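Index from 1, following the sequence. This is a predicted model, so every value here is computed, not measured.
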Amino acid sequence: MKFLRDTWLVYQRQMLLVLRTPARLVIGFVQPITYLVLFAPLLKTALAPTGATTYAEAYRVYVPGLLVVLVLLSGFFAGFGLLAELRSGVIERSRVTPVSRSALILGRAFSEVTTLMGQAVVITVIALPFGLSVHVGWLLLAYLMLALMALMACALSYAMAMLIPSPAALGPIINAVSQPLSLLSGVLLPLTLAPAWLVTIAEWNPIYWTTNGTRALFTGSPGDPVVWQGMLIVIALAALSVFWATRMFAKQIR
């Protein structure tokens with residue numbers, strides 16, 4: 001019970017900081033909305049070879065990929081906030097408190113996940129007038145997968161921030177990791193028409209399976225094996241990432 005209470009207290013503090021900086025929320029919306037509005041006219045033509053003959057079908061393919069990009073890239077950069085707190089002494093002061101060390105990481109991670117999922121909901125609502133339609137039950141399951149991806153990305157970012165406590169070095173490393181993962185998962189366009197060698201490489205990318213699982217839920221195919229495959233992969237990765245981040249954090253403030 002103490003662990004849950006500590007996590008909740010840290011979560012509340014972090015959410016309060018988010019609400020006090022609304023500019024951060026606005027900036028988080030800019031890029032996905034830009035892609036949604038400016039890339040939309042090309043969707044039906046670009047996705048026609050995949051069987052998407054209407055804008056509604058095209059958006060059921062495109063929007064889930066856009067949401068994956070949102071939670072992954074934003075989550076991967078969550079570590080910069082932790083670096084700022086390390087440098088300002090906020091984390092150092094936590095050493096003298098009775099708060100659980102794991103709660104200090106999880107509370108922060110859950111606040112990031114909440115913010116990202118709020119943005120995902122807004123993007124989904126904005127896409128509805130463009131023709132997006134999706135079953136509510138499958139949408140909620142897709143959100144669960146997205147939330148787990150966000151948790152995984154945030155935890156990895158925290159661990160990397162403590163391993164490489166330099167913003168100048170951390171940024172390029174995160175970009176070097178996140179960009180290939182995103183491109184090799186088919187987030188903007190499915191890889192069904194890609195060369196066989198590229199698909200073979202993509203199949204070794206765990207984000208490829210979670211992206212396809214999310215897309216299958218949006219297109220109304222919850223029985224597709226890629227859904228449970230993607231879910232199992234992201235659960236395992238989220239658990240490992242959180243474990244690594246909490247171990248690194250415990251060493252940092254020991």
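Taking all atoms of both residues into account, the shortest heavy-atom contact from Pro129 to Ile126 is CD-O, 3.0 Å. When all heavy atoms are compared, the tightest approach of Ala238 to Leu151 is CB-CD2, 4.4 Å. Smallest separation of non-hydrogen atoms from Ala245 and Ala155: CB-O, 3.4 Å. Asp6 approaches Ala103 most closely through the heavy-atom pair CB-CB, 3.5 Å. The nearest pair of heavy atoms linking Ala120 to Thr124 is O-OG1, 2.8 Å. Nearest heavy atoms, Met145 versus Gly230: CE-C, 4.2 Å.
In this structure, CZ on Phe76 lies 11.0 Å from CG on Asn175, to the nearest 0.5 angstrom. Atoms CG and CG, from Leu237 and Leu156 in turn, are 8.0 Å apart once rounded to the nearest 0.5 Å. Once rounded to the nearest 0.5 Å, the distance linking CD of Gln14 with OG1 of Thr114 reads 11.0 Å. Atoms OG and CG, from Ser182 and Leu72 in turn, are 5.5 Å apart once rounded to the nearest 0.5 Å. With rounding to the nearest 0.5 angstrom, the CE atom of Met231 is 4.5 Å from the CG atom of Leu144. Rounded to the nearest 0.5 angstrom, Leu198 CG and Glu203 CD are separated by 10.5 Å.
Side-chain atoms of Val10 and Phe110, non-hydrogen and from C-beta on, never get closer than 4.5 Å to each other. Contact check for Tyr11 versus Val113: no side-chain heavy atoms found under the 4.5 Å cut-off. You'll find the side chain of Val68 stays beyond 4.5 Å of the side chain of Thr210, heavy atoms only. Within the 4.5 Å cutoff, the side chain of Met117 has heavy atoms near those of the Tyr143 side chain. Counting heavy atoms from C-beta on, the side chains of Ser157 and Ile174 come closer than 4.5 Å. Side-chain atoms of Ile235 and Leu148, non-hydrogen and from C-beta on, do get closer than 4.5 Å to each other. The shortest distance between side-chain heavy atoms of Thr214 and Leu67 does not fall below 4.5 Å. Side-chain contact between Thr246 and Tyr158: absent, with no pair of heavy atoms (C-beta onward) separated by less than 4.5 Å.
In the hydrophobic cluster analysis, where Ile, Leu, Val, Met, Phe, Trp and Tyr join through side-chain heavy atoms closer than 4.5 angstrom, Phe77 is grouped together with Ile173. In the hydrophobic cluster analysis, where Ile, Leu, Val, Met, Phe, Trp and Tyr join through side-chain heavy atoms closer than 4.5 angstrom, Leu140 is grouped together with Val134. Note: the hydrophobic cluster containing Leu106 does not contain Leu9 (ILVMFWY, side chain heavy atoms under 4.5 Å, direct or indirect links). Residues Ile207 and Trp228 fall into different hydrophobic clusters, defined by Ile, Leu, Val, Met, Phe, Trp and Tyr side chains chained together at heavy-atom separations under 4.5 Å. Both Trp8 and Met15 belong to a single network of hydrophobic side chains, linked directly or stepwise wherever heavy atoms of I, L, V, M, F, W or Y lie under 4.5 Å apart.
Using a distance-only test at 3.5 Å, with no hydrogens or angles considered, no donor-acceptor pair links the side chain of Arg13 to the main chain of Arg108. The backbone N or O of Ala216 sits less than 3.5 Å from a side-chain atom of Thr219, completing a donor-acceptor pair.
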Test side-chain contact (heavy atoms from CB on, under 4.5 Å) on Leu181 and Asn205 and set out the steps. CA-CA 7 Å; Leu181 285 177; Asn205 175 14; 3.1 Å; yes
What verdict does the side-chain contact (heavy atoms from CB on, under 4.5 Å) test give for Tyr208 and Ile233, after you've listed the backbone C-alpha separation in whole Å, the side-chain angles of each residue and the deciding distance to 0.1 Å? CA-CA 10 Å; Tyr208 169 82; Ile233 288 172; over 6 Å; no
Kindly indicate, with the supporting measurements, whether the criterion side-chain contact (heavy atoms from CB on, under 4.5 Å) is fulfilled by Trp204 and Leu184. CA-CA 9 Å; Trp204 288 91; Leu184 283 174; over 6 Å; no
Under the side-chain contact (heavy atoms from CB on, under 4.5 Å) criterion, do Leu141 and His135 qualify, and how do the steps go? CA-CA 10 Å; Leu141 190 57; His135 186 279; over 6 Å; no
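Within 6.0 Å of CZ on Phe80 lie more than 12 heavy atoms contributed by other residues, nucleotides or ligands.
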